[in-house]
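The structure appears below as structure tokens.
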Amino acid sequence: MIDTPKNLTRNILLGMLLGFVVGAIFYYLEIFPQGIKNFVSIYIFNLGGSIFINLLKMLIIPLVFFSLVSGISSLTSMKSLGNITAKTIGLYLATTAIAVSLSLTIASIFKPGSGYSSDIAPPDNLPEGQGIYETILAIFPSNILEAMAQNQMLAVVFFSILFGIALNKTNHLTGNFSTAFEKLNTVFMQLVIMIISFAPIGVFCLIGKFVITDGLDIFQEAFKYVILLISVLIIHVFLTYSLILKAFTNLDIFTFYKKMKEVAIFAFSTSSSAATIPVTLKTVQNDLGVDKNVSSFVVPVGATINMDGTAIMQGMATVFIAQMSGIDLTLIQYVQVVILAVVTSIGTAAVPSAGTITLVIILQQFGLPLEAIGIILAVDRILDMIRTSVNVTGDAAVACIVADSERLLDKEVFNK
Ligand code: ASP
């Protein structure tokens with residue numbers, strides 16, 4: 001298993017605090033000459049923050065590619081379980097779409113980030129809104145390298161899926177070449193961890209930059225973002241999952257939540273759905289009574305592609321940043337956020353903070369200022385823990401529904 005850096009949460013919090021303090025000293029106390037203030041602002045905060053953002057962006061395309069290819073190549077290997085595959089993917093997509101729609105609904109009512117205007121102005125040349133025609137056409141790249149170079153997510157996802165299927169179909173001719181991609185995926189997860197371990201410094205610079213230019217007012221709005229986000233995560237876990245479990249099975253909801261406690265705590269403390277896979281598998285099989293044939297497929301695939309909590313964060317963060325930049329998203333753009341959040345949450349690696357990396361794709365799509373990721377990252381540690389618990393609970397709920405529909409759920413075990 002990949003090691004996450006020790007004390008990362010604590011260090012990021014410290015970096016954030018230090019960014020506040022140093023930024024505030026320069027902003028509020030006029031004891032330093034303007035030249036020094038400019039130097040700190042440009043060569044420390046700005047440069048450091050931009051380097052960190054570049055490092056995050058650097059990972060996006062290869063990460064999405066390897067994570068999807070390795071996911072898909074193991075997925076299609078279960079040809080005999082075509083039914084289970086279809087149900088699983090259908091439910092995963094549906095729950096994620098519900099999750100982000102819920103998030104956008106609440107965000108559009110409470111408007112986190114509104115009433116604050118800062119230097120985070122929208123760039124001059126906002127990209128033209130894409131019509132349905134262009135959006136559909138953009139799924140099918142004429143040149144995959146160009147699509148990758150331009151961060152065209154839908155095209156990269158499409159190609160990765162095709163590639164994953166082809167990889168699987170040729171495994172017997174290539175000496176199980178798909179395992180090479182699983183290994184590369186592991187390597188990229190490690191890269192994410194390596195870059196995330198610089199998060200304390202990155203967050204220090206990004207926060208410092210905000211405070212040195214804008215003072216501290218901004219964080220009142222971030223507080224609203226945090227509270228709203230946690231509320232939506234809680235609503236989704238307890239309302240949406242209860243409703244779909246009730247709709248598709250006659251299992252006892254309370255038993256489900258009671259037995260999921262350990263998985264949720266583990267996900268909370270590791271902030272990684274991938275690291276939680278062993279615990280999720282154990283609980284789903286031994287405590288919830290899901291047959292091994294279903295769980296061994298549904299749980300790992302879910303950890304890779306099903307991230308309702310992440311999609312909720314991405315929806316809320318997009319509205320938050322748009323509001324902060326004085327942009328009101330249109331209805332069409334809301335629909336685009338839903339589609340993008342479903343797609344990017346699929347492409348998000350199941351490791352700490354990965355959701356904030358793929359959030360960049362959505363922000364870019366709407367021409368929203370990437371610097372605002374600093375505010376998101378500053379408050380992200382605790383949110384990452386909570387949304388990872390949501391992600392794994394979703395995986396288990398879908399495992400129960402699929403198993404029950406295939407009569408592969410042992411109710412005696414479930415009710416024990
Ligand atoms: N940490 C999350 C997970 O592993 C991904 C994310 O949203 O950052 O499920």
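Both counts, for ligands and for their atoms, begin at 1 and track the order of listing.
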Not counting sequence neighbours, which residues clear ring-ring contact (aromatic ring centres under 6.0 Å, His included) with Phe163? List them please. Phe65, Phe159, Phe181
Less than 3.5 Å apart, N/O on ligand 1 and N/O on the protein: could you list those pairs with the distances?
unit_1: ligand 1; atom_1: 1 (N); unit_2: Ser271; atom_2: O; d: 2.9
unit_1: ligand 1; atom_1: 1 (N); unit_2: Val351; atom_2: O; d: 3.1
unit_1: ligand 1; atom_1: 1 (N); unit_2: Asp384; atom_2: OD1; d: 2.8
unit_1: ligand 1; atom_1: 1 (N); unit_2: Thr388; atom_2: OG1; d: 3.1
unit_1: ligand 1; atom_1: 4 (O); unit_2: Ser273; atom_2: N; d: 2.8
unit_1: ligand 1; atom_1: 4 (O); unit_2: Ser273; atom_2: OG; d: 3.3
unit_1: ligand 1; atom_1: 4 (O); unit_2: Ala350; atom_2: O; d: 3.4
unit_1: ligand 1; atom_1: 4 (O); unit_2: Val351; atom_2: N; d: 3.4
unit_1: ligand 1; atom_1: 7 (O); unit_2: Thr310; atom_2: OG1; d: 2.6
unit_1: ligand 1; atom_1: 7 (O); unit_2: Arg387; atom_2: NE; d: 2.6
unit_1: ligand 1; atom_1: 7 (O); unit_2: Arg387; atom_2: NH2; d: 3.4
unit_1: ligand 1; atom_1: 8 (O); unit_2: Ala354; atom_2: N; d: 3.0
unit_1: ligand 1; atom_1: 8 (O); unit_2: Gly355; atom_2: N; d: 2.7
unit_1: ligand 1; atom_1: 8 (O); unit_2: Asp384; atom_2: OD1; d: 3.4
unit_1: ligand 1; atom_1: 8 (O); unit_2: Arg387; atom_2: NH2; d: 3.0
unit_1: ligand 1; atom_1: 9 (O); unit_2: Ser273; atom_2: OG; d: 2.3
unit_1: ligand 1; atom_1: 9 (O); unit_2: Asn391; atom_2: ND2; d: 2.9

I'd like to know if Arg387 pairs up with Asp380 as an ion pair, taking the criterion as any Lys NZ or Arg NE/NH1/NH2 lying under 4.0 Å from an Asp or Glu carboxylate oxygen. yes
For Tyr241 and Ala396, indicate whether the former's side chain and the latter's backbone hold a donor-acceptor pair under 3.5 Å. no
Hits for side chain to side chain contact (heavy atoms under 4.5 Å, CB included) against Ser108, two or more places apart or cross-chain, chain-then-number order -> Tyr334
To the nearest 0.5 Å, how far apart are OG1 in Thr318 and CG in Leu359? 5.5 Å
Excluding sequence neighbours, so at least two apart, what forms ring-ring contact (aromatic ring centres under 6.0 Å, His included) with Phe26? Phe32
